[in-house]
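Notes to accompany the following structure.
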Amino acid sequence: MPGHKLGRVTEDVSRELSAILRELKDPRVTGCLLSVVRVEVTNDLSYCTAYISTVEGLDRSKEAAAGLKSAAGYIRRELGRRLKLRHVPELIFKATDSIEYGASISKMLHDLDIPPEPPEQEDEHAGL
């Protein structure tokens, strides 16, 4: 199974990145509800692309990505310490608006004016 190690490392990196982001003190990162949406690690484990999103929108996500880029050395060192990897992948942070998009879809579905279905009348003669 060649992809087993890659999948396991990807899950571990995603989990630890989420934990490390909660510990950062950069105001660009701490001032928003930040989430790691997806993590992709290359086959040779040299690069890791983390897609991050905020509820506040794409502009706020880009600002948070800039803060994470400046803290990439610290984050990479923490990942290496926590995961005990021989080679810790270089981190690339990309902003997405997936949380905002999902929230807008949820709001549209909630705002739909769908009339409730009338209760079905049971026919008295159906059992005969």
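Heavy-atom minimum distance, Leu91 versus Ala72: CD1-O, 4.0 Å.
Annotation: side chain of Asp12 is not in contact with side chain of Leu79 (no heavy-atom distance under 4.5 Å). In this structure the side chain of Leu68 reaches within 4.5 angstrom of the side chain of Leu34, judged on heavy atoms. Looking at heavy atoms from C-beta onward, Thr49 lies out of side-chain contact with Arg38 at the 4.5 angstrom threshold. You'll find the side chain of Thr10 reaches within 4.5 Å of the side chain of Leu6, heavy atoms only.
The closest donor-acceptor contact from the side chain of Ser46 to the backbone of Thr42 lies at 3.5 Å or more, if one exists at all. Under a 3.5 Å cut-off, the side chain of Ser53 and the backbone N or O of Thr96 do form a donor-acceptor pair.
A salt bridge is absent between Asp59 and Lys62; no separation between the charged side-chain nitrogens and carboxylate oxygens falls under 4.0 Å. Using a 4.0 Å cut-off between charged side-chain N and carboxylate O, Arg76 and Glu16 make no salt bridge. Look at Glu78 and Arg81 and you find a salt bridge, because one of the NZ, NE, NH1 or NH2 atoms lies within 4.0 Å of a carboxylate O, short of that distance.
Clustering ILVMFWY residues whenever any of their side-chain heavy atoms sit less than 4.5 angstrom apart, transitively, puts Val39 in a cluster other than the one holding Tyr47.
Side chains of Ser61 and Thr54: a donor on one and an acceptor on the other come within 3.5 Å. Using modelled atom types and a 3.5 Å distance limit, the side chains of Ser70 and Arg28 yield a donor-acceptor pair.
Around NE2 of His87, the count of heavy atoms belonging to other residues, nucleotides or ligands within 6.0 Å exceeds 12.
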Glu11 and Arg8: CA distance, side-chain angles, deciding distance, salt bridge (charged side-chain N to carboxylate O under 4.0 Å, His left out) verdict: CA-CA 5 Å; Glu11 289 177 17; Arg8 189 184 50 185; over 6 Å; no
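For the atom pair CG (Leu45) and NZ (Lys5), the distance works out to 5.5 Å, reported to the nearest 0.5 Å.
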